[in-house]
K.L.:
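Next up is a structure, given as structure tokens.
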Amino acid sequence: MPELPEVETVRRGLAPAMEGKTILRAEIRRDGLRWPFPPRLAERLTGQRTLVMRRRAKYILSDLSSGETLLWHLGMSGRVLILDGDGPAQPGSFHYAHPHLAKHDHVELTLEGGTRLIFNDVRRFGALDLAPTPRIDDHPLLANLGPEPLGNGFDGAYLAAAFAGRNTPVKAALLDQRIVAGLGNIYVCEALHRTGISPKRKAGRLSAARAASLVPAIRNVLTEAIEAGGSSLRDYRQADGELGYFQHRFQAYGRAGKACTQDGCSGQITRIVQSGRSSFYCPTCQR
DNA sequence: CTCAGCTCCTGCGGGC
DNA sequence: TGCCCGCAGGAGCTGA
């Protein structure tokens with residue numbers, strides 16, 4: 001489900017609920033999701049205070065008073081619900097629009113003050129892990145990540161160099177978390193559309209200038225999406241991974257058959273499949 | 001090393 | 001109504 005903007009939205013929702021609060025109880029309802037949970041997960045969480053909530057790429061990192069960091073990955077369908085003390089009282093109660101989804105509530109944390117956090121993941125591609133905070137950047141899931149797209153290490157010169165010699169389509173290159181960390185299918189489609197670059201173009205055959213033009217496009221689309229996610233958070237006060245209002249602003253993703261919205265372009269958004277995943281683009285203005 | 005294809009899992013919507 | 005198919009926002013693993 002979530003790409004960087006959705007994960008950041010979840011982090012921003014969780015931070016005020018978790019930071020400074022002690023985890024009073026951890027209920028782990030299955031052995032793991034994509035991978036087995038770390039040994040003694042419940043015991044290692046119980047009694048710990050969350051110092052700070054961070055994000056790296058599509059991972060949320062909770063630094064705990066024990067000196068360990070809890071790493072969350074939401075996979076395709078992961079979400080986190082925040083239930084206040086005065087919300088639905090019993091585990092498994094109707095806290096979803098579709099109550100049967102509650103059967104995928106895999107982990108539940110009860111915090112000091114009574115707030116409950118529920119990690120729900122229908123498809124179970126998500127993950128939780130614990131590792132020592134000082135070495136968290138060396139965690140196998142984090143060690144090979146490229147720069148943050150909203151950070152200083154991501155600029156035109158970097159991206160042009162990262163693309164050099166690559167024979168893979170630029171669509172696949174931007175999805176490669178080692179090149180830039182946090183993009184997914186939606187925002188790659190949107191950034192390519194904004195820059196007029198075909199998803200089929202080989203990364204290594206883009207001019208340096210065109211490669212560099214992707215940087216502000218990526219930064220802008222991510223920033224706009226985070227802002228839209230934040231607005232939906234205020235309304236629903238949930239940190240679940242739903243797309244915020246930004247989904248109504250997609251110009252390419254999911255718009256097959258619709259008119260291209262670029263100024264002066266009379267083309268039509270088309271869906272193709274690249275390495276097993278949908279790409280939406282305008283063959284007229286994206287070359 | 002690079003790259004394409006497969007895989008994990010469940011639910012939903014469309015066509016018949 | 002039921003069945004089958006394709007599709008879904010991720011990303012690690014395998015083998016060429």
K.L.:
Which one, C:dA11, B:dC3, C:dA8, comes nearest to the side chain of A:Tyr253?
P.N.:
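For A:Tyr253, the side-chain atoms sit closest to C:dA8.
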
K.L.:
Just the rounded figure in Å: distance from P of C:dA11 to CD1 of A:Ile186.
P.N.:
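From A:Ile186 CD1 to C:dA11 P: 13 Å.
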
K.L.:
Hey, can you pull the donor-acceptor pairs under 3.5 Å for the side chains in residues 250-257 of chain A, sequence neighbours left out?
P.N.:
{"from": "A:Gln251", "atom 1": "OE1", "to": "A:Thr261", "atom 2": "OG1", "distance (Å)": "2.4"}
{"from": "A:Gln251", "atom 1": "NE2", "to": "A:Arg249", "atom 2": "O", "distance (Å)": "3.0"}
{"from": "A:Arg255", "atom 1": "NH1", "to": "A:Gln251", "atom 2": "O", "distance (Å)": "2.9"}
{"from": "A:Arg255", "atom 1": "NH1", "to": "A:Ala259", "atom 2": "O", "distance (Å)": "3.1"}
{"from": "A:Arg255", "atom 1": "NH2", "to": "A:Ala259", "atom 2": "O", "distance (Å)": "3.1"}

K.L.:
Base, sugar-phosphate, or nothing: which does A:Asn167 touch, judged by heavy atoms less than 4.0 Å apart?
P.N.:
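Answer is sugar-phosphate: A:Asn167 comes under 4.0 Å of backbone atoms only.
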
K.L.:
For the pair made of CZ in A:Arg79 and C1' in C:dG9, what is the distance, rounded to whole Å?
P.N.:
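A:Arg79 atom CZ is separated from C:dG9 atom C1' by 11 Å.
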
K.L.:
Is the shortest side-chain N/O distance from A:Arg271 to OP1 or OP2 of C:dC7 below 4.0 Å?
P.N.:
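Answer is yes, contact under 4.0 Å.
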
K.L.:
Which pairs with one or both residues in residues 31-47 of chain A pass salt bridge (charged side-chain N to carboxylate O under 4.0 Å, His left out), sequence neighbours excluded?
P.N.:
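Applying salt bridge (charged side-chain N to carboxylate O under 4.0 Å, His left out) to every pair that reaches into residues 31-47 of chain A, excluding sequence neighbours, yields A:Arg44-A:Glu68.
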
K.L.:
Tell me: CG of A:Leu71 to C1' of C:dA11, nearest whole Å?
P.N.:
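It works out to 14 Å between those atoms.
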
K.L.:
Where do N or O atoms of nucleotides 12-16 of chain C meet protein N or O atoms at under 3.5 Å, pair by pair?
P.N.:
{"from": "C:dG12", "atom 1": "O4'", "to": "A:Arg34", "atom 2": "NH2", "distance (Å)": "2.8"}

K.L.:
Output every pair passing salt bridge (charged side-chain N to carboxylate O under 4.0 Å, His left out) with a member in residues 186-209 of chain A, not counting sequence neighbours, ordered by first then second residue.
P.N.:
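Listed by first then second residue: A:Arg194-A:Glu224.
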
K.L.:
Output the pairing pattern of DNA chain B as a dot-bracket string, 5' first, Watson-Crick or G-U wobble with both distances under 3.5 Å, | for cross-strand pairs, [ ] for crossing pairs.
P.N.:
.|||||||.|||||||

K.L.:
Do A:Ile118 and A:Leu83 touch side chain to side chain, with heavy atoms closer than 4.5 Å?
P.N.:
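A side-chain contact under 4.5 Å exists here.
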
K.L.:
Provide the closest heavy-atom pair for A:Leu174 versus A:Ile218 in the form atom of the first, atom of the second, distance.
P.N.:
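So the minimum-distance heavy-atom pair works out to CD2-CD1, 4.1 Å.
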
K.L.:
For A:Tyr281, give me all partners under ring-ring contact (aromatic ring centres under 6.0 Å, His included), at least two apart in sequence or on another chain.
P.N.:
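Residues passing ring-ring contact (aromatic ring centres under 6.0 Å, His included) with A:Tyr281: none at all.
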
K.L.:
Quickly work out the A:Lys58 NZ to C:dA11 C1' distance and round it to whole Å.
P.N.:
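Atom-to-atom, A:Lys58 to C:dA11, this comes out as 8 Å.
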
K.L.:
Can you check the A:Glu190 CD to C:dG9 C1' distance for me, whole Å?
P.N.:
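Going from A:Glu190 (CD) to C:dG9 (C1'), I get 12 Å.
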
K.L.:
Pairs in or reaching into residues 19-54 of chain A: which pass ring-ring contact (aromatic ring centres under 6.0 Å, His included), with residues at least two apart or in two chains?
P.N.:
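Residue pairs passing ring-ring contact (aromatic ring centres under 6.0 Å, His included), neighbours aside: none found.
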
K.L.:
Enumerate the residue pairs fulfilling salt bridge (charged side-chain N to carboxylate O under 4.0 Å, His left out) with a member in residues 48-61 of chain A, sequence neighbours excluded, ordered by first and then second residue.
P.N.:
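Matches after skipping sequence neighbours: A:Glu8-A:Arg55, A:Arg54-A:Asp63, A:Arg55-A:Glu148, A:Arg56-A:Glu148.
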
K.L.:
What about A:Arg277: does its side chain form a donor-acceptor pair under 3.5 Å with the base of C:dA8?
P.N.:
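Such a pair does not exist between side chain and base.
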
K.L.:
Look at the side-chain N and O atoms of A:His104 and state whether any lies under 4.0 Å from the OP1 or OP2 oxygen of B:dG11.
P.N.:
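Affirmative; the distance criterion is met.
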
K.L.:
Is the shortest side-chain N/O distance from A:Arg123 to OP1 or OP2 of B:dG11 below 4.0 Å?
P.N.:
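It does not, given that no N or O in the side chain of A:Arg123 lies less than 4.0 Å from OP1 or OP2 of B:dG11.
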
K.L.:
Determine: side-chain N/O of A:Ser275 to OP1/OP2 of B:dC3, distance under 4.0 Å, yes or no.
P.N.:
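It does not, given that no N or O in the side chain of A:Ser275 lies less than 4.0 Å from OP1 or OP2 of B:dC3.
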
K.L.:
Distance check, P atoms only: C:dG6 and B:dC6, in whole angstrom units.
P.N.:
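Approximately 13 Å lies between the P atom of C:dG6 and that of B:dC6.
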
K.L.:
Salt bridge (charged side-chain N to carboxylate O under 4.0 Å, His left out): which pairs involve residues 206-217 of chain A, sequence neighbours left out?
P.N.:
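Qualifying pairs, neighbours excluded: none.
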
K.L.:
Output the single nucleotide from C:dG9, C:dA8, B:dT2 whose closest atom is nearest the side chain of A:Ser278.
P.N.:
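So the nucleotide nearest the side chain must be C:dA8.
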
K.L.:
Round to a whole Å and report the spacing from CG of A:Asn144 to C1' of C:dG10.
P.N.:
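Interatomic distance, CG of A:Asn144 to C1' of C:dG10: 16 Å.
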
K.L.:
Below 4.0 angstrom from OP1 or OP2 of C:dG9, is there any side-chain N or O of A:Asn185?
P.N.:
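Looking at the OP1 and OP2 atoms of C:dG9, one of them is under 4.0 Å from a side-chain N or O of A:Asn185.
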
K.L.:
Using a heavy-atom distance cut-off of less than 4.0 Å, which residues of residues 171-184 of chain A contact DNA chain C?
P.N.:
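Under 4.0 Å from DNA chain C: A:Gln177, A:Gly184.
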
K.L.:
Are A:Phe119 and A:His106 close enough that their ring centers fall under 6.0 Å?
P.N.:
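No; A:His106 has its ring centre 6.0 Å or more from that of A:Phe119.
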
K.L.:
Would you say A:Arg124 reaches B:dT10's phosphate, i.e. side-chain N/O to OP1/OP2 under 4.0 Å?
P.N.:
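For B:dT10, OP1 or OP2 has a side-chain N or O of A:Arg124 closer than 4.0 Å.
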
K.L.:
Using ring-ring contact (aromatic ring centres under 6.0 Å, His included) as the criterion, list what pairs up with A:His193, not counting sequence neighbours.
P.N.:
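So A:His193 forms no ring-ring contact (aromatic ring centres under 6.0 Å, His included) with any residue.
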
K.L.:
Hey, are A:Arg29 and A:Glu27 close enough for a salt bridge, meaning a charged N less than 4.0 Å from a carboxylate O?
P.N.:
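A salt bridge is present here (some side-chain N lies under 4.0 Å from a carboxylate O).
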
K.L.:
My understanding is that only residues two or more places apart in sequence, or in another chain, count here; which of them pass salt bridge (Lys or Arg N to Asp or Glu O under 4.0 Å) with A:Arg135?
P.N.:
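Expected list: none.
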
K.L.:
Nearest-Å distance, CG (A:Asp121) to P (B:dG11)?
P.N.:
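About 12 Å, once rounded to whole Å.
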
K.L.:
What do you reckon, do A:Phe125 and the base of C:dA11 stack, with centroid distance below 5.5 Å and planes below 30°?
P.N.:
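Taking the rule of under 5.5 Å and under 30°, the ring of A:Phe125 does not stack on C:dA11.
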
